[in-house]
2 protein chains.
Amino acid sequence: MSLKMRYNIDHKSPVPLHAQAEQMLRELITEEEYQNGKNIPNEVDLAKMLAISRTTLRMAINKLVFEGLLVRKKRAGTKVATGAVSSKSNNWLSFSQEMKLRGIPIKNFELHVSWETPDISLAHFFDIKQDKPVLKMKRVRGRPEEPFVVFESYFHPRVGLTLDDDFKRPLYELLEQEHSVIATLSKEEISAISASKEIAEKLRVPVGSPILFRKRFVFDQGERPIEFNVGYYKADSFVYTVESRR
Amino acid sequence: MSLKMRYNIDHKSPVPLHAQAEQMLRELITEEEYQNGKNIPNEVDLAKMLAISRTTLRMAINKLVFEGLLVRKKRAGTKVATGAVSSKSNNWLSFSQEMKLRGIPIKNFELHVSWETPDISLAHFFDIKQDKPVLKMKRVRGRPEEPFVVFESYFHPRVGLTLDDDFKRPLYELLEQEHSVIATLSKEEISAISASKEIAEKLRVPVGSPILFRKRFVFDQGERPIEFNVGYYKADSFVYTVESRR
DNA sequence: AATCTGTTTATGTACATACATATTTGATTT
DNA sequence: AAATCAAATATGTATGTACATAAACAGATT
């Protein structure tokens with residue numbers, strides 16, 4: 001059966017032709033042959049088949065190329081990228097959702113929430129007095145069979161979190177929906193350290209093992225501090241990726 | 001001074017007009033007024049100013065929109081996304097200069113340059129045949145009294161580096177000035193690993209010590225790969241900082 | 001003051017067309 | 001068999017044109 005028969009484009013629909021073409025391509029490339037590296041039909045033919053202009057078709061392809069789903073090569077044609085789905089900039093800061101995307105089920109091994117008095121540097125970061133208590137959340141998370149990260153978060157009193165909040169929900173969803181706090185900016189510091197006795201225990205590794213250590217300072221739209229967070233990741237369980245441009 | 005005066009586009013250059021326009025836009029939007037929310041000139045006018053077609057200009061804008069740097073809104077115009085990165089070009093990627101800034105004198109403990117045959121994944125990244133040799137540079141660097149990082153770099157044959165180049169010069173200065181290669185984009189992966197025997201020896205630490213491991217993929221303006229680089233940093237000697245916004 | 005209404009404006013969609021260029025393929029010559 | 005060269009092919013670049021549409025704006029009406 002020809003492509004034209006299976007995927008045809010409705011010129012009278014209110015949804016733009018390039019969007020229809022994009023959708024059709026998304027479906028097309030799920031097919032096994034394309035997943036295995038077969039070229040999609042060339043632009044000129046495909047445009048003809050769909051009865052749209054090459055320019056319009058190109059808009060659709062461009063989007064998928066930019067998303068990293070397709071790769072183009074001159075003369076060689078266009079095919080599905082090896083390595084599949086990346087889609088980076090979404091899921092900003094959401095650990096659980098990112099893990100879900102990667103197909104890794106997440107289990108909470110421990111979850112403690114308490115009021116603590118901040119140390120001097122935390123009080124300074126939050127710009128509050130040291131006698132003002134802050135909410136601390138500590139979590140041990142990982143795969144069902146083994147934990148691989150220890151998180152400690154401290155929240156600015158301003159955000160209004162209390163012990164009654166449901167910390168099993170995705171954190172940034174909780175902040176946004178229940179407290180109207182939108183995390184917008186994060187400054188992070190990443191380094192490698194040795195596992196302390198406590199961390200080693202929680203992550204079930206020998207004392208002194210390599211740990212990826214991450215400090216994170218989180219701010220809202222007004223660049224006001226809302227969270228201070230540290231994470232201890234078991235080596236090899238986590239890779240941090242960054243893209244930068246000049 | 002008009003835009004046309006400051007940013008003009010060379011119709012006879014081998015670099016595509018849309019790429020030139022893209023570059024010009026990237027520079028333009030670092031300016032304070034645009035960072036503060038002022039619309040960029042509208043497409044019709046801007047195209048006229050740059051003496052390119054609106055279609056071509058649109059290709060450039062599209063790319064920045066996809067990247068999340070610009071947001072378009074009908075009738076309202078196009079402006080810099082709230083909180084988009086200004087990413088100043090200070091010391092981008094230059095290890096030695098950054099260390100200098102921090103007041104840390106740097107010594108090269110080892111420096112080897114050689115031609116190597118790429119492994120399969122490197123050949124794939126560079127998009128070359130495996131029998132094509134690539135230049136490899138290996139360095140051990142650190143404070144005068146102790147090394148703290150091992151670097152291994154592989155360069156795409158296209159950049160034209162040879163054993164005759166002066167690798168004691170800052171690398172990106174060398175690339176830019178002697179080979180007209182401008183590193184523009186880097187994708188990095190950071191993780192923690194244990195020191196192998198070789199790395200442990202070079203960094204003068206026990207085997208199994210924590211190491212901050214960084215892979216870096218470097219691209220030029222045309223997003224063509226130019227360098228693959230890995231770094232092994234002694235724990236506590238190096239902190240990686242990132243700032244990200246949404 | 002609030003609401004409706006038409007106008008204006010900048011982006012959004014879509015087409016036909018043309019030539020450039022990288023890469024493969026195959027034919028030709030050495 | 002190896003090297004050279006030419007053709008074919010799919011993407012890449014670029015233009016000019018046209019009309020659609022959402023949102024902002026301004027003026028008239030309630």
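The shown structure was predicted, so the numbers you read here are calculated from the model rather than taken from an experiment. Only heavy atoms go into these numbers, but all of them, side chains included; no hydrogens, no water, no symmetry mates. The sequence lines fix the lettering, A, B, ..., with proteins before strands; numbering per chain opens at 1.
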Compute whether any side-chain donor of one residue and acceptor of the other, for [X] and [Y], lie under 3.5 angstrom apart.
{"X": "B/Ser196", "Y": "B/Glu198", "answer": "no"}
{"X": "B/Tyr172", "Y": "B/Glu227", "answer": "yes"}
{"X": "B/Glu110", "Y": "B/His112", "answer": "yes"}
{"X": "B/Glu189", "Y": "B/Ser191", "answer": "no"}

Nearest whole Å is fine: how far is [N] [atom2] from [X] [atom1]?
{"X": "B/Lys48", "N": "D/dT15", "atom1": "NZ", "atom2": "P", "result": "14 Å"}
{"X": "B/Lys79", "N": "C/dT11", "atom1": "NZ", "atom2": "P", "result": "13 Å"}
{"X": "A/Glu22", "N": "C/dT13", "atom1": "CD", "atom2": "C1'", "result": "14 Å"}
{"X": "A/Arg58", "N": "D/dT11", "atom1": "CZ", "atom2": "P", "result": "8 Å"}
{"X": "A/Asn62", "N": "D/dA14", "atom1": "CG", "atom2": "P", "result": "14 Å"}
{"X": "A/Asn39", "N": "D/dA10", "atom1": "CG", "atom2": "P", "result": "9 Å"}
{"X": "A/Leu70", "N": "D/dA10", "atom1": "CG", "atom2": "C1'", "result": "15 Å"}
{"X": "A/Leu57", "N": "D/dT11", "atom1": "CG", "atom2": "C1'", "result": "12 Å"}

Quick one: is [X] getting a side-chain N or O under 4.0 Å of the [N] phosphate, OP1 or OP2?
{"X": "A/Thr78", "N": "D/dA10", "answer": "no"}
{"X": "A/Arg72", "N": "D/dG12", "answer": "yes"}
{"X": "A/Thr55", "N": "C/dC15", "answer": "no"}
{"X": "B/Thr56", "N": "D/dT13", "answer": "no"}

Exercise for the section: Please figure out whether A/Ala76 or B/Ala76 has its closest DNA chain D nucleotide nearer the 5' end. Expected result: A/Ala76
Practice task
Would you mind classifying the nucleic acid contact of A/Ser53 as base, sugar-phosphate or nothing, using non-hydrogen atoms under 4.0 angstrom?
Solution key: base
Name all residues meeting the ring pair (Phe, Tyr, Trp, His ring centres under 6.0 Å) criterion together with [X]; count only those two or more places apart in sequence or in a different chain, and write none if there are none.
{"X": "A/Phe167", "answer": "none"}
{"X": "B/Phe213", "answer": "B/Tyr232"}
{"X": "B/Phe126", "answer": "B/His156"}

Exercise for the section: Check the pair B/Asn62 / A/Asn62 against side-chain contact (heavy atoms from CB on, under 4.5 Å), numbers first and verdict last. Expected result: CA-CA 10 Å; B/Asn62 272 333; A/Asn62 273 334; over 6 Å; no
Fill in the blank from the handout: Overall bend of the helix from C/dA1-D/dT30 to C/dT30-D/dA1 (five pairs an end, 10° steps) is 10°
Problem - Neighbours of DNA chain D within residues 10-20 of chain A, by heavy-atom distance under 4.0 Å - result: none
Completion exercise
Heavy-atom nearest pair, B/Phe228 first then B/Leu122, reads CB-CD1, 3.8 Å
Fill in the blank from the handout: Nearest heavy-atom contact between B/Arg58 and B/Glu43 is NE-OE1, 3.1 Å
Exercise for the section: Could you say whether A/Arg54 or B/Gly77 is positioned toward the 5' end of DNA chain C, judged by the nucleotide with the nearest heavy atom to each? Expected result: B/Gly77
Handout entry: pair B/Val134-B/Pro157: side-chain heavy atoms closer than 4.5 Å
Key = yes
Problem - Salt bridge flag under 4.0 Å for residues A/Arg169 and A/Glu178 - result: yes
Identify all pairs in which a protein N or O lies below 3.5 Å from an N or O of nucleotides 7-9 of chain C, and state each distance.
from  : atom 1 : to      : atom 2 : distance (Å)
C/dT8 : O2     : B/Arg75 : NH1    : 3.0
C/dT9 : O4'    : B/Arg75 : NH1    : 3.2

